[in-house]
S.K.: 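After the structure tokens below, expect a handful of questions from me.
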There are 2 protein chains.
Amino acid sequence: MRMLSEANGSIAGAGALLKILRDGQARTRAELVQLTGLARSTLGQRLDALLSQQWIVPTEEAISSGGRPAVAFTFNRGARIALAADLGATHARVAITDLGTEVLAERADEVPVDRGPVETLTWLQHTFEEMLAETGHTRDQICGIGIGLPGPVEHSSGRPVNPPIMPGWDGFPVPEWLGERFGAPVLVDNDVNIMALGEHWAARPEADHLIFVKIGTGIGCGIISDRHLHRGAQGAAGDIGHIQVASATDIVCRCGNLGCLEAVASGAAMSARLSAAGVEAADSRDVVRLVRSGNTQAVQLIRQAGREIGDVLASIVNFFNPSVIVVGGDIAEAGEQILAGLREVIYSRSLPLATQHLTITASELSDRAGVIGAAVMVIEHVLAPGTVDRSVTRD
Amino acid sequence: MRMLSEANGSIAGAGALLKILRDGQARTRAELVQLTGLARSTLGQRLDALLSQQWIVPTEEAISSGGRPAVAFTFNRGARIALAADLGATHARVAITDLGTEVLAERADEVPVDRGPVETLTWLQHTFEEMLAETGHTRDQICGIGIGLPGPVEHSSGRPVNPPIMPGWDGFPVPEWLGERFGAPVLVDNDVNIMALGEHWAARPEADHLIFVKIGTGIGCGIISDRHLHRGAQGAAGDIGHIQVASATDIVCRCGNLGCLEAVASGAAMSARLSAAGVEAADSRDVVRLVRSGNTQAVQLIRQAGREIGDVLASIVNFFNPSVIVVGGDIAEAGEQILAGLREVIYSRSLPLATQHLTITASELSDRAGVIGAAVMVIEHVLAPGTVDRSVTRD
DNA sequence: TTATTTTTGCTTGATCATCGCCATAAGTGC
DNA sequence: GCACTTATGGCGATGATCAAGCAAAAATAA
């Protein structure tokens with residue numbers, strides 16, 4: 001048993017304590033004794049250890065009930081920082097967060113990922129460095145770096161696997177490249193996976209089984225099963241964009257197959273269809289703009305897309321029985337229009353037992369879900385190893 | 001940390017050791033020292049504890065490499081027994097197994113579950129007692145009882161939830177009823193879940209993500225994600241029988257909806273169709289019999305059913321990315337006929353990344369998957385709490 | 001100001017798991 | 001039969017933890 005607790009590393013035996021304090025609530029010694037079952041003296045020793053490492057801090061306010069007021073301790077979210085990046089096909093979002101996933105600095109830029117890993121990561125390195133200077137943080141405060149990439153990633157090695165829209169990235173050792181430059185552990189994952197992680201952790205921690213559906217240029221989803229990210233055998237889980245839908249078996253998808261969901265209901269498919277109909281729309285954002293401005297064709301199209309996606313999700317609800325479905329991505333910005341279509345189909349097609357407590361909602365974190373998820377991935381890896389990922393990448 | 005290890009109960013600190021010995025990773029003291037990092041003396045103490053409780057036994061053969069031969073230890077599968085039952089709609093299979101899920105005694109009977117819980121469980125109690133007498137085991141050797149039921153079960157409480165084919169069972173406290181009579185922990189779960197568990201554990205332990213598809217009177221599946229059973233938010237995960245299939249939106253299902261998979265490809269649906277065509281077939285078994293005897297209509301029907309189910313599974317493969325799909329249930333006894341249809345559709349419709357290492361195979365345990373899974377559920381609960389289920393039912 | 005209450009820091013002796021060391025057991029090779 | 005090698009068991013030392021107690025600190029109530 002000893003080895004298990006010592007595997008925690010620097011935090012040593014105090015890991016269990018930290019776990020309790022990390023929920024953000026201030027706890028007094030008396031409460032902690034109650035919660036852990038430790039002796040007062042032992043608890044004192046452990047608190048000292050955590051205090052000296054700055055992992056926790058005493059709060060200002062003293063709660064008195066007639067005698068000497070008790071000192072309450074809280075988790076020190078500012079003890080370390082996490083570097084997080086959500087790299088999309090054309091735009092990237094980079095952030096520095098504290099250990100409570102609070103965003104301390106943030107940037108969103110147009111960065112084409114198709115120029116290859118070295119150029120993109122060099123830009124990322126410089127952006128991180130600039131932001132660190134901005135916020136006045138040093139390198140030794142970094143507890144880790146989390147990266148989301150728009151394609152399949154082998155999480156254990158942090159390398160992209162045959163990514164369709166990232167030429168030159170196949171097998172590129174992202175963790176090694178960045179790890180050398182910052183001297184911190186680097187974790188990489190698929191963008192939908194980290195979005196699911198972010199939404200689950202920051203907005204819906206009570207949901208045990210969550211599906212995050214990203215509707216943007218393409219369509220994909222991140223899966224949380226029993227509070228763990230489900231990545232699948234090849235890390236390819238959640239690739240629902242190429243599931244065949246019944247209604248349109250004549251449309252050719254970019255993958256070569258017929259009637260893929262993505263070829264019908266994605267942002268790219270919708271903008272293409274609007275353009276063909278004479279309405280100008282270059283990408284997902286234009287579609288959303290048109291919907292918001294009340295364009296009839298766009299509204300009809302997005303409602304129909306919602307029903308198509310709902311068709312696929314209805315099957316998934318029966319199979320997976322999630323407690324929450326969160327919808328995010330560019331197209332989700334159109335709001336209720338797409339959710340209405342989704343709900344309509346899911347509630348009529350799926351089993352009552354599976355739908356009676358099912359929540360279908362738009363992402364609360366919106367376009368920040370990715371970076372926050374990347375931060376969560378890193379923080380959990382450092383503070384509670386094994387919760388999110390079971391294999392270490394780099395140290 | 002202390003409290004964590006003590007929660008293990010009677011095995012105390014030696015739990016980790018037992019896990020290693022159980023998997024056969026190490027056998028001699030030297031190897032165990034290497035693997036655990038414990039001191040030789042500490043290891044010796046722990047081994048003594050395990051030996052005195054009969055959890056492990058020294059083997060006869062002594063491995064020498066020039067000096068005094070090392071004593072090899074093996075997990076004593078006979079230390080305790082598990083009582084297991086797989087109750088189906090009309091027939092039941094009951095077994096006593098050792099801790100290695102080896103079947104020591106077994107019975108298969110026609111037992112209609114629709115007569116209510118008291119009659120069925122009373123029969124089960126007597127069967128267990130008879131079998132115990134037969135094998136010469138006593139009650140205090142029972143480490144637990146595992147039950148599989150044909151309907152949704154809230155695993156944490158062990159109670160059926162609105163089971164469609166089990167009148168009178170809704171909310172019945174199965175664990176309490178049986179626990180009182182045998183003085184052992186009772187775990188209950190859906191029949192497909194335990195089949196998935198059995199097949200995963202006994203036949204395919206290397207598969208991290210497994211889907212067990214049961215094709216019998218109805219159609220359902222059990223889901224293993226990251227070596228853990230995925231039960232879903234309402235314990236309703238895996239209910240793929242009522243997913244709508246494109247090809248037959250005109251057929252009414254017993255659930256009231258149109259075009260359910262179960263209404264097209266289940267044993268009940270096939271026997272009904274054969275009967276309507278003038279070929280006598282009362283149930284799934286008759287269908288299998290006809291297929292085996294080479295009846296053209298039956299063969300065509302089962303091939304088509306394979307394709308329909310494959311259609312649904314193709315979507316699930318994209319979504320879930322399993323490493324193995326195991327097919328079981330009465331209809332699966334027909335062998336390659338149904339697998340051919342499945343493979344045909346899945347390999348053509350699902351993504352190459354997801355299918356390239358995907359195995360689609362018939363159940364190795366066949367009609368024993370259920371009881372063995374029930375035994376696994378109990379054994380894992382006692383020996384490695386938290387591996388399969390995270391909530392305790394009864395003690 | 002003083003008494004009371006409650007928290008906190010510190011000390012002590014006991015307990016327990018673990019560790020390192022040494023003696024002994026049980027083989028192999030000459 | 002003897003030296004050598006390797007495995008095993010036992011003993012005292014170590015360190016973490018615990019329960020208990022006492023004194024100091026910091027508030028409230030009289």
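A note on names: the letters A, B, ... follow the listed sequences, proteins ahead of strands, and every chain is numbered from 1.
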S.K.: Do Ser41(B) and dG9(D) share a donor-acceptor pair, side chain to base, under 3.5 Å?
M.R.: no

S.K.: How many Å lie between CZ on Arg46(A) and C1' on dG9(C), as a whole number?
M.R.: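 Roughly 18 Å, once rounded to whole Å.
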
S.K.: Hey, which of these two, Asp48(B) or Ala39(A), hits DNA chain D nearer its 5' end, going by closest nucleotide?
M.R.: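 Result of the comparison: Asp48(B).
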
S.K.: Among the nucleotides dT8(C), dC18(D), dC19(C), which one has an atom lying closest to any side-chain atom of Ala70(A)?
M.R.: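 So the nucleotide nearest the side chain must be dT8(C).
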
S.K.: If you check every side-chain atom of Pro69(A), which of dA19(D), dA27(D), dG20(C) has the closest atom?
M.R.: dA27(D)

S.K.: If I take atom CD in residue Glu31(A) and atom C1' in nucleotide dT8(C), what distance separates them, rounded to the nearest angstrom?
M.R.: 16 Å

S.K.: What integer distance in Å separates Arg29(B):CZ from dA7(D):C1'?
M.R.: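 That distance rounds to 8 Å.
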
S.K.: If I compare all heavy atoms of Thr138(B) with all of Asp140(B), which pair ends up nearest, and what's the gap?
M.R.: OG1-OD1, 3.0 Å

S.K.: How many whole angstroms separate atom CZ of Arg68(B) from atom P of dA23(C)?
M.R.: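 Rounding to the nearest Å, CZ of Arg68(B) and P of dA23(C) are 17 Å apart.
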
S.K.: Is any side-chain N of the basic residue among Arg204(A) and Glu206(A) closer than 4.0 Å to the acidic one's carboxylate O?
M.R.: yes

S.K.: Roughly, in whole Å, what's the span from CZ in Arg40(B) to P in dG12(D)?
M.R.: 19 Å

S.K.: For Thr42(A) and Gln45(B), find the nucleotide of DNA chain D closest to each by heavy atoms; which residue's nucleotide sits nearer the 5' end?
M.R.: Gln45(B)

S.K.: Looking only at side-chain N and O atoms, does His230(B) offer a donor or acceptor that is under 3.5 Å from a partner on Ser225(A)?
M.R.: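 Ser225(A) vs His230(B): donor-acceptor pair found between side chains.
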
S.K.: Can you measure Leu47(A) atom CG to dT7(C) atom P for me and round it to whole angstrom units?
M.R.: 15 Å

S.K.: Using the ring of Phe182(B) (Phe, Tyr or Trp, six-membered ring only), decide whether Arg139(B) places NZ or CZ under 6.0 Å from its centre and within 45 degrees of its axis.
M.R.: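 Yes - Arg139(B) lies over the ring of Phe182(B), closer than 6.0 Å to its centre and within 45° of its axis.
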
S.K.: I need the CG-P distance between Leu43(B) and dT8(D), as an integer number of Å.
M.R.: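 So the CG-P distance, Leu43(B) to dT8(D), works out to 10 Å.
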
S.K.: Tell me the interatomic distance from Arg27(A), atom CZ, to dT7(C), atom P, rounded to whole angstroms.
M.R.: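 Between P of dT7(C) and CZ of Arg27(A): 16 Å.
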
